[in-house]
Amino acid sequence: MKNKKINGFFYALILFIVFTIIDVSLSITKIPNQEFFYSLGRFVFSLIVVYLFFKTMKTDKIFKERLYLSKKNKFLTFLLVLIAIFIYFVLNNGINQIITILSKDFIKIMATVMMALSAGIFEEYLTRGFLFQSFLKLFNNNKLIISSVLSSLIFGFLHLYNAFDMGLNTTLQQVFYATAIGLLFAALRIAFNGLILTVGLHSLIDFQLNLLSSSNNPVPWSVIIIIFTPIAIISLLATYLFEKEYKISMIPNNL
């Protein structure tokens with residue numbers, strides 16, 4: 001039983017190490033259309049991660065049937081989806097991002113699409129997949145919220161990997177807001193009982209040209225905190241309420 005509980009953590013660690021090796025190797029390899037093949041390599045690896053996930057974890061579902069949600073929790077779920085869309089179209093200036101990307105040549109467009117998809121697929125199946133489901137097996141009480149917090153913290157700190165390209169201050173900001181977004185995705189992962197939606201929203205948020213290049217222009221910390229702290233709080237509240245719904249659903253109806 002213990003081996004089954006640690007398998008997910010083991011696979012997550014190995015996959016992240018392999019990803020790092022592949023990512024560094026592709027980024028330093030000098031070939032024509034390097035950006036395209038760099039994105040292609042990451043995209044192919046992300047698909048391998050999905051295959052390994054279902055091969056080892058069998059399913060991305062937490063519950064046999066999707067969790068029943070009250071009207072209040074359905075509203076919270078809808079709000080979380082809107083927040084994710086807000087992050088892309090308002091904070092990331094999504095419309096201009098899309099227009100700018102589509103104005104590029106075909107190779108650049110495909111590289112950007114594959115980069116966004118690879119980020120969404122790999123990071124979701126690593127953190128909300130392997131790690132989240134492994135944490136669920138470790139805890140009996142409040143396991144949804146504990147798994148959400150721990151997997152989101154790891155998701156945030158994994159972005160320290162970007163410090164080599166982005167600088168320490170920018171990277172620490174990314175760690176902070178990635179943790180908040182991780183909590184949002186964890187809540188949606190619970191509400192929808194799967195990873196498809198979070199992969200889609202994650203890929204949407206990462207659909208931007210500067211994902212393929214370094215950025216060293218951080219906004220003030222105060223702005224980051226003001227925007228993403230409420231997102232984290234709302235996401236935690238939603239997960240807490242989902243946990244209550246889950247506990248109620250586990251009580252036998254003997255009336």
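- Distance alone, capped at 3.5 Å, places no donor-acceptor pair between the Ser151 side chain and the Phe132 backbone.
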The test is side chain to side chain contact (heavy atoms under 4.5 Å, CB included); show your working for Leu172 and Trp221 and say whether it passes. CA-CA 10 Å; Leu172 290 176; Trp221 266 103; 3.8 Å; yes
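- In this structure a side-chain-to-backbone donor-acceptor pair under 3.5 Å is missing from Arg128 to Thr198.
- In the displayed structure, Lys247 atom NZ is contacted under 6.0 Å by more than 12 heavy atoms of other residues, nucleotides or ligands.
- When ring centroids are compared, Tyr246 and Phe63 come within the 6.0 Å threshold.
- Between Gln97 and Asn92, the side chains place no donor N or O within less than 3.5 Å of an acceptor N or O (distance only, hydrogens not considered).
- Phe122 does not carry Arg42 over the face of its six-membered ring by the limits of under 6.0 Å from the centre and within 45° of the normal.
- A continuous path of Ile, Leu, Val, Met, Phe, Trp and Tyr side chains, each step under 4.5 Å between heavy atoms, connects Phe157 with Leu15, placing both in one hydrophobic cluster.
- Looking at Glu124, its side chain never comes within 3.5 Å of a backbone N or O of Val199 through a donor-acceptor pair.
- Going from atom OG1 of Thr112 over to atom CD1 of Ile98 covers 12.0 Å, rounded to the nearest 0.5 Å.
- Placement of Ile233 and Ile83 in two distinct hydrophobic clusters is found when ILVMFWY residues are connected by side-chain heavy-atom separations under 4.5 Å, directly or transitively.
- Inter-residue side-chain proximity for Phe228 and Leu91 is flagged as met; some heavy-atom pair is nearer than 4.5 Å.
- None of Val50, Leu126, Val49 except one satisfies the side-chain contact (heavy atoms from CB on, under 4.5 Å) rule with Ile121; the exception is Val50.
- Put simply, the side chain of Arg189 gets close to the backbone of Asp60: a donor and an acceptor are under 3.5 Å apart.
- Remark: Leu150 CG to Thr127 OG1 distance equals 12.5 Å, nearest 0.5 Å.
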Trace of the side chain to side chain contact (heavy atoms under 4.5 Å, CB included) decision for Glu123 with His159: CA-CA 10 Å; Glu123 294 176 16; His159 288 78; 4.0 Å; yes
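- Residues Leu117 and Phe207 fail the side-chain proximity criterion, which asks for heavy atoms closer than 4.5 Å.
- At distances below 3.5 Å, at least one donor-acceptor pair connects side-chain atoms of Asn193 with backbone N or O atoms of Ile62.
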Checking side chain to side chain contact (heavy atoms under 4.5 Å, CB included) for the pair Phe185/Leu80: CA distance, chi angles, key distance, verdict? CA-CA 8 Å; Phe185 285 156; Leu80 291 174; over 6 Å; no
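- More than 12 non-hydrogen atoms from other residues, nucleotides or ligands lie less than 6.0 angstrom from CZ of Phe54.
- Checked against the 6.0 Å centroid threshold, Phe130 and Phe53 count as a close aromatic pair.
- Residues Ser148 and Ile190 have side chains in contact (heavy-atom distance under 4.5 Å, counting atoms from C-beta outward).
- Atom CZ of Phe242 and atom OG1 of Thr239 lie 6.5 Å apart (nearest 0.5 Å).
- Cluster annotation: Leu102 is connected to Phe106 through the hydrophobic network of ILVMFWY side chains, with a link wherever side-chain heavy atoms come within less than 4.5 Å.
- Under the 30°/60° scheme for interplanar angles, the aromatic rings of Tyr161 and Phe16 are found to stand perpendicular.
- Criterion: ILVMFWY side-chain heavy atoms under 4.5 Å apart, direct or through other members. Under it, Phe89 and Leu82 are not part of a common hydrophobic cluster.
- Of all heavy-atom pairs between Ala111 and Ser39, the closest is O-OG, 3.1 Å.
- The aromatic ring centroids of His202 and Phe155 lie less than 6.0 Å from each other.
- To the nearest 0.5 Å, atom OG1 of residue Thr77 and atom CG of residue Leu69 are 5.0 Å apart.
- A donor-acceptor contact closer than 3.5 angstrom is absent between the side chains of Asn7 and Lys137.
- Although no hydrogens or angles enter the test, the distance criterion places a donor-acceptor pair under 3.5 Å between the side chain of Gln34 and the main chain of Ser27.
- For the pair Leu183/Ile234, no side-chain contact is recorded, criterion being any heavy-atom separation below 4.5 Å from C-beta on.
- The structure places CG of Leu40 at 9.0 Å from CE of Met110, a figure rounded to the nearest 0.5 Å.
- When the side chains of ILVMFWY residues are joined at heavy-atom separations under 4.5 Å, either directly or via intervening members, Phe78 and Leu67 end up in two distinct hydrophobic clusters.
- Counting all heavy atoms, side chain and backbone alike, Val175 lies closest to Gly156 at CG2-O, 3.3 Å.
- Between the side chain of Thr229 and the backbone N or O of Ile226 there is no donor-acceptor pair closer than 3.5 Å.
- Looking at Asp105, its side chain does come within 3.5 Å of a backbone N or O of Lys108 through a donor-acceptor pair.
- Looking at heavy atoms from C-beta onward, Glu243 lies in side-chain contact with Asn142 at the 4.5 angstrom threshold.
- For the pair Gln133 (side chain) and Thr59 (backbone), a donor-acceptor distance under 3.5 Å is present.
- Remark: the Ser70 side chain and the Glu245 side chain contain an N/O donor-acceptor pair separated by less than 3.5 Å.
- A 4.5 Å side-chain heavy-atom check between Ile87 and Ile181 finds at least one atom pair inside the cut-off.
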Apply side chain to side chain contact (heavy atoms under 4.5 Å, CB included) to residues Leu131 and Tyr125 and explain how you reach the verdict. CA-CA 8 Å; Leu131 292 177; Tyr125 276 92; over 6 Å; no
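- Side-chain contact of Asp23 with Tyr38: a donor-acceptor pair under 3.5 Å is present, judged by distance alone.
- Thr56 places none of its side-chain heavy atoms less than 4.5 Å from the side chain of Tyr51.
- From Ile227, atom CD1 reaches atom CZ of Phe176 across 10.5 Å, with rounding to the nearest 0.5 Å.
- Looking at heavy atoms from C-beta onward, Val18 lies in side-chain contact with Phe45 at the 4.5 angstrom threshold.
- Looking at every heavy atom in both residues, Gly120 comes nearest to Ser203 through CA-OG, 3.5 Å.
- For the pair Ser118 (side chain) and Met115 (backbone), a donor-acceptor distance under 3.5 Å is present.
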